[in-house]
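A short write-up of the structure that comes next.
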Amino acid sequence: MSWALVLWLLELCALLLALLLLLRFLRADCDLTLMWAEWQGRRPEWELTDMVVWVTGASSGIGEELVYQLSKLGVSLVLSARRVHELERVKRRCLENGNLKEKDILVLPLDLTDRNSHEVATKTVLQEFGKIDILVNNGGRSQRSLFVETSVDVFKELMDLNYLGTVSLTKCVLPHMMERKQGKIVTVNSFAGIMSVPLSSGYCASKHALRGFFNALRTELSDYPGISISTVCPGPVQSDIVKNAITEEVTKMVGNEGDQSHKMATSRCVQLMLISMANDLKEVWIGDHPYLLAAYICQYMPTFGWWLVKKFSKQRIENFKKGVDADSSYFKVWKRKHD
């Protein structure tokens with residue numbers, strides 16, 4: 001066999017592989033690194049067993065589903081949120097899974113905006129379990145309102161809760177991990193932390209701030225290779241995040257979750273989150289197309305990306321004013337074309 005033929009065959013194989021990867025990406029619901037980890041990486045049931053995991057925002061949505069899936073892996077859980085009765089409900093369901101006992105779950109009410117309480121809460125967890133292996137910063141709220149109609153108090157609330165509350169709790173937990181020279185800090189961010197969208201200017205600001213903070217913190221921990229900093233950026237996921245979103249005033253919520261059939265199932269989002277945690281991935285994007293594709297375009301072709309966002313923005317605002325889910329119409333059109 002001649003070298004020319006060998007080279008031709010190698011080029012053909014490379015082309016076929018590129019085409020296969022492209023076809024796979026068009027059906028993907030996560031970024032390429034996470035997709036590879038799901039196929040070839042370490043499994044959550046191997047890596048996360050016997051760990052102590054503290055989850056904020058555990059009373060609903062992604063946080064609630066996360067603790068349900070973690071409870072099947074034999075971990076010890078700390079459940080935090082403001083609504084104690086909802087945390088108790090989540091705890092009961094975790095116990096019903098059969099893999100955990102009463103002693104394995106600590107219900108720890110926590111208000112992220114009350115930063116003075118975070119040190120006491122951290123000491124409570126350490127007294128109960130002796131260690132914190134994983135902190136999942138999941139607590140936070142979204143926003144649905146136009147900037148010109150929104151009180152500045154809304155922006156303060158979102159930064160206090162989503163950004164400063166998360167930074168404060170991380171600051172309390174990190175010294176313990178540094179002492180042990182191991183641990184995982186996982187922060188649930190959003191596609192809104194990668195690319196901004198209308199009706200969520202305050203939310204986007206808080207998520208961009210989180211992404212910048214944890215990227216910087218990761219560089220400061222270069223002497224602690226056993227501590228991983230992971231940022232999880234989901235797209236639209238079925239949860240109460242829209243229903244509980246703040247509008248133009250801090251005291252006003254959307255109150256209507258709208259049609260969520262077009263959004264990713266919470267169980268799938270959490271399944272991918274666990275894979276990212278098991279593989280210590282630095283940043284992952286979890287979402288269906290067209291959101292996943294838009295994230296790649298905005299990251300690598302920002303001028304074209306902003307042109308696309310502008311095209312979608314007008315429809316998103318119109319949907320909101322009509323009282324329907326802001327993203328529903330164009331997402332459903334995409335689904336009909338590609339399913």
Side-chain angles (χ1 to χ4, degrees), residues 55-68 79-90 93 107-114 136-147 149-166 169 187-193 196-207 209-210 232-267 269-270 273 286-287 316-317 319-328:
V55 181
T56 67
S59 61
S60 65
I62 290 174
E64 178 179 353
E65 178 62 27
L66 177 62
V67 298
Y68 292 152
L79 312 181
S80 287
R82 287 180 293 186
R83 299 177 295 174
V84 181
H85 64 285
E86 288 298 314
L87 292 175
E88 292 291 349
R89 174 186 61 82
V90 172
R93 185 168 170 187
V107 169
L108 182 63
L110 183 74
D111 183 350
L112 284 174
T113 62
D114 182 10
V136 182
N137 290 311
N138 175 68
R141 292 180 71 181
S142 187
Q143 173 204 4
R144 288 292 188 275
S145 60
L146 293 167
F147 169 70
E149 299 172 356
T150 304
S151 167
V152 174
D153 290 339
V154 168
F155 294 87
K156 181 180 183 300
E157 176 72 13
L158 289 166
M159 291 301 288
D160 281 346
L161 175 60
N162 296 355
Y163 176 64
L164 290 175
T166 297
L169 189 61
T187 302
V188 179
N189 200 292
S190 170
F191 273 19
S196 295
V197 292
L199 302 169
S200 301
S201 54
Y203 178 71
C204 291
S206 68
K207 293 299 185 178
L210 278 175
V232 178
C233 298
V237 173
Q238 294 174 8
S239 71
D240 291 335
I241 192 167
V242 175
K243 179 181 177 182
N244 295 328
I246 305 173
T247 59
E248 65 273 11
E249 299 290 341
V250 173
T251 56
K252 292 178 63 177
M253 295 189 302
V254 172
N256 178 20
E257 63 185 18
D259 179 15
Q260 299 204 44
S261 61
H262 59 284
K263 299 181 180 180
M264 174 181 280
T266 316
S267 57
C269 176
V270 168
M273 277 183 63
I286 299 173
R316 197 170 196 265
I317 294 170
N319 287 349
F320 176 73
K321 289 181 176 179
K322 292 176 183 176
V324 299
D325 185 87
D327 305 310
S328 60

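We number each residue from 1, following the sequence as shown. Please read these numbers as outputs of a predicted model, since none were measured by experiment.
- In this structure Glu88 satisfies the salt bridge (Lys or Arg N to Asp or Glu O under 4.0 Å) test with no other residue, sequence neighbours excluded.
- Between the CG atom of Leu161 and the OG1 atom of Thr166 there is a distance of 7.0 Å, given to the nearest 0.5 Å.
- Judged by distance alone, the side chain of Thr113 and the main-chain N or O of Asp160 form no donor-acceptor pair under 3.5 Å.
- Between the side chain of Ser142 and the backbone N or O of Val242, no donor-acceptor pair lies under 3.5 Å.
- Closest approach of Met159 and Ala205 over heavy atoms only: SD-C, 4.2 Å.
- A search for salt bridge (Lys or Arg N to Asp or Glu O under 4.0 Å) contacts involving Glu65 returns nothing, not counting sequence neighbours.
- Under the side chain to side chain contact (heavy atoms under 4.5 Å, CB included) criterion, Leu108 pairs with Trp54, Val78, Ser80, Leu106, Ala121, Thr124, Val125, sequence neighbours left out.
- Checked by atom type and distance alone, the side chain of Asn138 never pairs as donor or acceptor with a backbone atom of Val55 at under 3.5 Å.
- Residues passing the salt bridge (Lys or Arg N to Asp or Glu O under 4.0 Å) test with Glu249, sequence neighbours excluded: none.
- When each of Arg83, Arg89, Arg82 is checked for a side-chain hydrogen bond (donor to acceptor under 3.5 Å, both in side chains) with Glu86, only Arg89 meets the rule.
- Interatomic distance, Leu112 CG to Thr56 OG1, rounded to the nearest 0.5 Å: 5.5 Å.
- Leu169 has its side chain within reach of Leu110: a pair of non-hydrogen atoms, C-beta onward, lies under 4.5 Å apart.
- Here the OG1 atom belonging to Thr150 is positioned 9.5 Å from the CG atom belonging to Leu158, to the nearest 0.5 angstrom.
- Here the side chain of Gln143 pairs a donor or acceptor atom with the backbone of Gly202 at under 3.5 angstrom.
- Take Tyr68 and apply the ring pair (Phe, Tyr, Trp, His ring centres under 6.0 Å) test, not counting sequence neighbours, and it matches no residue.
- In terms of heavy-atom proximity, Ile317 sits nearest to Leu199 at CA-CD1, 4.2 Å.
- Val84 and Pro109 make their closest contact through CG2-CG, 3.5 Å (heavy atoms, listed as atom of the first residue, atom of the second, distance).
- The shortest distance between side-chain heavy atoms of Pro234 and Val188 falls below 4.5 Å.
- Side chains of Ser145 and Lys252 form no contact here, defined as non-hydrogen atoms less than 4.5 Å apart.
- Cys204 approaches Val197 most closely through the heavy-atom pair SG-N, 3.6 Å.
- Between the side chain of Asn162 and the main chain of Arg141, a donor-acceptor pair closer than 3.5 Å is present.
- Judged as a side chain to side chain contact (heavy atoms under 4.5 Å, CB included), and not counting sequence neighbours, the contacts of Ser190 are Ala192, Tyr203, Lys207.
- One distance of note links OG1 of Thr247 with CG of Leu146; it measures 11.0 Å at 0.5 Å rounding.
- The shortest non-hydrogen separation linking Met253 to Lys243 is CB-O, 3.9 Å.
- At distances below 3.5 Å, not a single donor-acceptor pair connects side-chain atoms of Ser239 with backbone N or O atoms of Gly61.
- Residues Ser200 and Arg316 approach most closely at OG-NH1, 4.1 Å, considering heavy atoms.
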